[in-house]
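Everything below concerns the one structure shown next.
Chain identifiers are assigned alphabetically (A, B, ...) following the order of the sequence lines, protein sequences preceding nucleic acid strands; residue numbering begins at 1 within each chain. Treat the numbers as computed from the prediction; the structure is a model and nothing was measured.
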Protein chains: 2
Amino acid sequence: MVFKFIKGGVTSPKGFISSGIDCGLKGKNLKDLALIMSTGSCNSAGVYTTNKVKGAPLLVTKKHLENKTAQAIIANSGNANTCTGKVGIEDAEKMCRFVAKASNIKEENVLVASTGIIGVKLNIDSIENSIPVLVKNLSKDGYKDASEAIMTTDTIPKTLAVEFKIQGKPVVIGVMAKGSGMIHPNMGTMLSFITTDANISGELLEKALKESVRVSYNRISVDGDTSTNDMVLIMANGLSDNPVIEEEDGDYKIFLEALKKLNIEIAKMIAKDGEGATKLIECKVLNVPSEKDGEILGKSVICSNLVKTAFFGCNANWGRILDAVGYSGVDFDINKLQVSLKSLKGNILVFKNGEPVEFSVDEAEDILSEDEVSIILNFNSGNYSTCCWGCDLTYDYIKINGSYMS
Amino acid sequence: MVFKFIKGGVTSPKGFISSGIDCGLKGKNLKDLALIMSTGSCNSAGVYTTNKVKGAPLLVTKKHLENKTAQAIIANSGNANTCTGKVGIEDAEKMCRFVAKASNIKEENVLVASTGIIGVKLNIDSIENSIPVLVKNLSKDGYKDASEAIMTTDTIPKTLAVEFKIQGKPVVIGVMAKGSGMIHPNMGTMLSFITTDANISGELLEKALKESVRVSYNRISVDGDTSTNDMVLIMANGLSDNPVIEEEDGDYKIFLEALKKLNIEIAKMIAKDGEGATKLIECKVLNVPSEKDGEILGKSVICSNLVKTAFFGCNANWGRILDAVGYSGVDFDINKLQVSLKSLKGNILVFKNGEPVEFSVDEAEDILSEDEVSIILNFNSGNYSTCCWGCDLTYDYIKINGSYMS
């Protein structure tokens, strides 16, 4: 089966259009209001943050998705609309109502998401005034503006699509996401919106979404802080004309595989573009007794501030990696563990048989100077392997988050 | 009952002497080898890191403490002697043997601790050559040199003593500790050595130590990384002549109270002197259903990189506090929660009844500019209250940990 990544995003599947504009929430003439629209209604699903403090838009979206059907997603950056009391809920409902009215669709078929500062009331008048323009601007090319409009401290828009076939019919899945800070997803994530023209039942769409989120967004961390507004939404309009996927058959497996690949790519983009980050840190955990063990071990390493700062300094201080492995809570035999560091520049073994392995500090520094580096932990004690992704911790993370409004 | 903090440290109780010298492990003419000695043998106890990767000195100390008796502690900085294989264990044993030989005490009555870089073999010859001088230098005044000799990236030595009475007899407990980085203790901590002239059984000494560690070292965090070498040791030589404490009676309660107060003070010193820190952040959690809930909530807040960077910037971004409360895993009613920020400069309420409370940004900045600030979370839903301590996350933390050897 061929899965081909293509330039594009949420409008790459048939029947989706999108737009993004500046409505004044972020200031500095930056785009901050995005809309994704399908020409017809879609089977839809969502996964959400496990944070007990939940953003108002998340509560409204969850309600609107009870019937697993949607047609549009409205999202703003510059304000999370969280911890804003009753007015917050009303404002999130209003955002859906305004879109429904301007585009003549059902209010409960509009989903809503917000990202930005917590605890500040939304300027709902600005949003109301801007929605007619936002609807007017909807186009196939609009995915670019939309992906910019959900950025906060992201330095690049995150947008991608994947093309494949089911029963000979071409199917496309597109995605746009924002990440950067407060990124430590748990069953949900920052914001990620996925569209597809696949023909698939609501139940299986939800199942595939959850399964793909588990191995993509839930395996990254920027700063260990799980956000209040994390949300991944998917809408499938069925226009690709493949025989409807209603069982966990071969077609479902192909769809799931494509969705996983796409979500892993976008999750890696989010990790690499973490606040202040200079590089992507991949932690491969090989040969452990269970997938869960692998995930706990990998996350413990990529979340360690000491590992993150060492990698910022291109410092092969592998003792910090072993420290993070040791406090993860997972049992293991240190004498079976092999630790290597790898990038395009090379590969060095640093620990084996319970003892340090001598290596050249210069060579290690050279390997770690790449913008994508891997830590490979081979536990030699099981049949499962996993991968997690994070980024380094830098002066710029402090700069970005020490300032007043962010 | 009066508990009086006094200038001093591990030599403040009767019958203890100490010394600290430079044996060349750290370089730059910095002291790196410390010795604490009691004139007679002591009932002793220890608590240790829960990290699955354990330093060699920890394993040797644990073995030597099986009989709950000790007379001396030898400690070095500049090298953790961890992940160093069989030679590491042999080197830790040698450190005890050299001290025993030079001071004519039993080898199994010597405890050993090391702190510094992981994965580098110890220069045991330097240590061997220096031990006769170390023993010769033992004195009442030596607590200062000893507390300097266990420093790594600490900027100040941490040493203190507390004086109180049991049955009319004056009793003293003294302590020295090192902290700074890789500080997120869990049932053990960085290094902390406690001495006392109290007359108390080994069993109750161990019980009091564990109880006091739970509410002091285990409630601080600098960077969320639990070290491989964390260890708190206590030695009680009984010279104060109080009737021996063998039951959990009033005398035990007084001793425990003094030990808690002392350990909380030194734990706060460690948090305030965290790597790169400019301030102590205290998180008071009031009126929750259990002490465990309070601890989880408080730790979640002080461990959040986003809260830590906000406080570095004197930025009253309380949304990040609510975010950390929300992902802690503890259930609570957000409508009952009140959040305040406090320091010597004043006190402001920022969140109440599920809604933001308006406040002056200038006033908040002024409050947060102090070097000791408090976050007060009143959940209004139970009878337990706790306190945790952390520090801000700054450019200097990145500077210290991005460089090669640390």
**Asked** Listed by chain and number, what are the salt bridge (charged side-chain N to carboxylate O under 4.0 Å, His left out) partners of A/Lys292, not counting sequence neighbours?
**Response** A/Glu295
**Fill in**
Comparing B/Thr309, B/Asp331, B/Val53 against chain A, the one with the most heavy-atom pairs below 4.5 Å turns out to be B/Thr309
**Message:** With a 4.5 angstrom heavy-atom cut-off, is it the side chain or the backbone of B/Ile334 that approaches chain A, or both, or neither?
**Reply:** side chain
**Message:** Does any backbone or side-chain atom of A/Val350 lie under 4.5 Å from a heavy atom of chain B? Answer side chain, backbone, both or neither.
**Reply:** neither
**Prompt:** Which answer fits B/Phe312, side chain, backbone, both or neither, if we ask what part of it has an atom under 4.5 Å from a heavy atom of chain A?
**Reply:** side chain
**Item:** Check: A/Gln338 and A/Val357 side chains under 4.5 Å, non-hydrogen atoms
**Value:** no
**Message:** At a 4.5 Å cut-off on heavy atoms, which part of A/Thr394 comes close to chain B: side chain, backbone, both, or neither?
**Reply:** backbone
**Complete:** When B/Phe379, B/Trp318, B/Phe359 are each screened for ring-ring contact (aromatic ring centres under 6.0 Å, His included) with B/Phe351, the one that passes is B/Trp318
**Message:** If I compare all heavy atoms of A/Cys283 with all of A/Leu377, which pair ends up nearest, and what's the gap?
**Reply:** SG-CD1, 3.7 Å
**Request:** Below 4.5 Å from any heavy atom of chain A, which atoms of B/Asn335 appear? Answer side chain, backbone, both or neither.
**Result:** neither
**Message:** I need the residue from B/Gly354, B/Ser304, B/Ser328 with the largest number of non-hydrogen atom pairs under 4.5 Å to chain A.
**Reply:** B/Ser304
**Request:** Take B/Val47 and B/Met231, measure what side chain to side chain contact (heavy atoms under 4.5 Å, CB included) needs, and give me the verdict at the end.
**Result:** CA-CA 6 Å; B/Val47 289; B/Met231 196 183 322; over 6 Å; no
**Prompt:** Hey, what do you get for CG (B/Leu25) to OG1 (B/Thr115), rounding to the nearest 0.5 Å?
**Reply:** 11.5 Å
**Request:** Go through the structure and list residues passing salt bridge (charged side-chain N to carboxylate O under 4.0 Å, His left out) with B/Asp362, not counting sequence neighbours.
**Result:** none
**Message:** If I compare all heavy atoms of B/Ser369 with all of B/Cys314, which pair ends up nearest, and what's the gap?
**Reply:** CA-SG, 3.6 Å
**Prompt:** If we only count heavy atoms from C-beta on, is the A/Val301 to A/Val325 side-chain gap below 4.5 Å?
**Reply:** yes
**Fill in**
In terms of heavy-atom pairs under 4.5 Å with chain A, the winner among B/Gly119, B/Gly329, B/Ala80 is B/Gly119
**Request:** Name all residues meeting the salt bridge (charged side-chain N to carboxylate O under 4.0 Å, His left out) criterion together with B/Lys399; count only those two or more places apart in sequence or in a different chain, and write none if there are none.
**Result:** none
**Request:** Among A/Leu393, A/Asp392, A/Asn353, single out the residue with the greatest number of heavy-atom pairs under 4.5 Å to chain B.
**Result:** A/Leu393
**Part of residues 82-92 of chain B lying next to chain A, heavy-atom separation under 4.5 Å** = B/Cys83, B/Thr84, B/Gly85, B/Lys86
